[in-house]
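We count ligands from 1, going down the list as the structure has it; atoms in each ligand are counted the same way. A quick note: this is a predicted structure, and the numbers were derived from the prediction, not measured.
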Amino acid sequence: MKDKITYYNCHTHRKPQSENEFCIRNAFLCDFPENGSNYCFSSGLHPWFVNNYSESRLENLLLKIAQHPKNLAIGEIGLDKTKPHFEKQMTVFLQQLAIAQKLEKPLLIHAVKSMDEIISPLRSFKGMIVLHGYQGNLQQWEQLNQNQNVYVSFGSKSLQENEKLHKTIQEIPLPFILAETDNKPLRIQEVYKAIANIKNISLEVLAVQIEENFCNVFGSNQN
Ligand SMILES: [Zn+2]
């Protein structure tokens, strides 16, 4: 029997790996590389690379690239305390937040050891937000989600033995969950299976809900 599920991969660094996968490929600040019917892209300056860009260069590039019809989101952008230039990371992050607000684009957020610092700017953002590779807990998500606009995406770590993360996946309600492979060599189908197991629901139920969540965040005009 043909597998009819479409698997939505909201954050990856590669092309889709099967016909029934739909991806948002992270393109950093590059132009959309080529045409592909089952993928779109996201654009933004990653917090690891903030030191290579001036504010004006970033502004010009991002404004131009993010208006491409295949661009679905600004990201991954965010804060990472394990990397240098934290102050500049914050400046660049706020700048990109303003661009996303202006263009009315959703955000794909990279937040490492910086949940406390990222909460305030994100709470003032009026639009959809995805916390990719989420490693926070239920309470942090609730603090952020006062406007019902914050989704969390889980990836490779959901396949590992990780009691804290599994608890978070169980606790966060299904209508706010997305899936991703990020830069890991794994199939999105494996991530779906892991999340369905942890939440103790069928793959089909999960797939229907993720499709709905994905459309809520990124819109339904992905072609
Ligand atoms: Zn990534």
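In the hydrophobic clustering of this structure, Leu131 does not group with Val112; members are Ile, Leu, Val, Met, Phe, Trp, Tyr whose side-chain heavy atoms approach within less than 4.5 Å, directly or through other members. Residues Ile119 and Leu94 fall within the same hydrophobic cluster, defined by Ile, Leu, Val, Met, Phe, Trp and Tyr side chains chained together at heavy-atom separations under 4.5 Å.
Sorted by chain and number, the protein atoms of type N, O or S within less than 2.8 Å of the Zn ion (ligand 1) are His11 NE2, His13 NE2, Glu76 OE2, Asp182 OD1.
Here the two rings, on Tyr192 and Tyr7, have centers that are under 6.0 Å apart.
Of the options Tyr134, Phe154, Phe176, a ring pair (Phe, Tyr, Trp, His ring centres under 6.0 Å) to Trp141 is made by Phe176 and by none of the others.
Qualifying side-chain hydrogen bond (donor to acceptor under 3.5 Å, both in side chains) partners for His85, counting only residues two or more places apart in sequence or in other chains: Asn51.
Geometrically, Lys81 engages Phe86 in a cation-pi contact, judged by NZ or CZ lying under 6.0 Å from the ring centre and within 45° of the ring axis.
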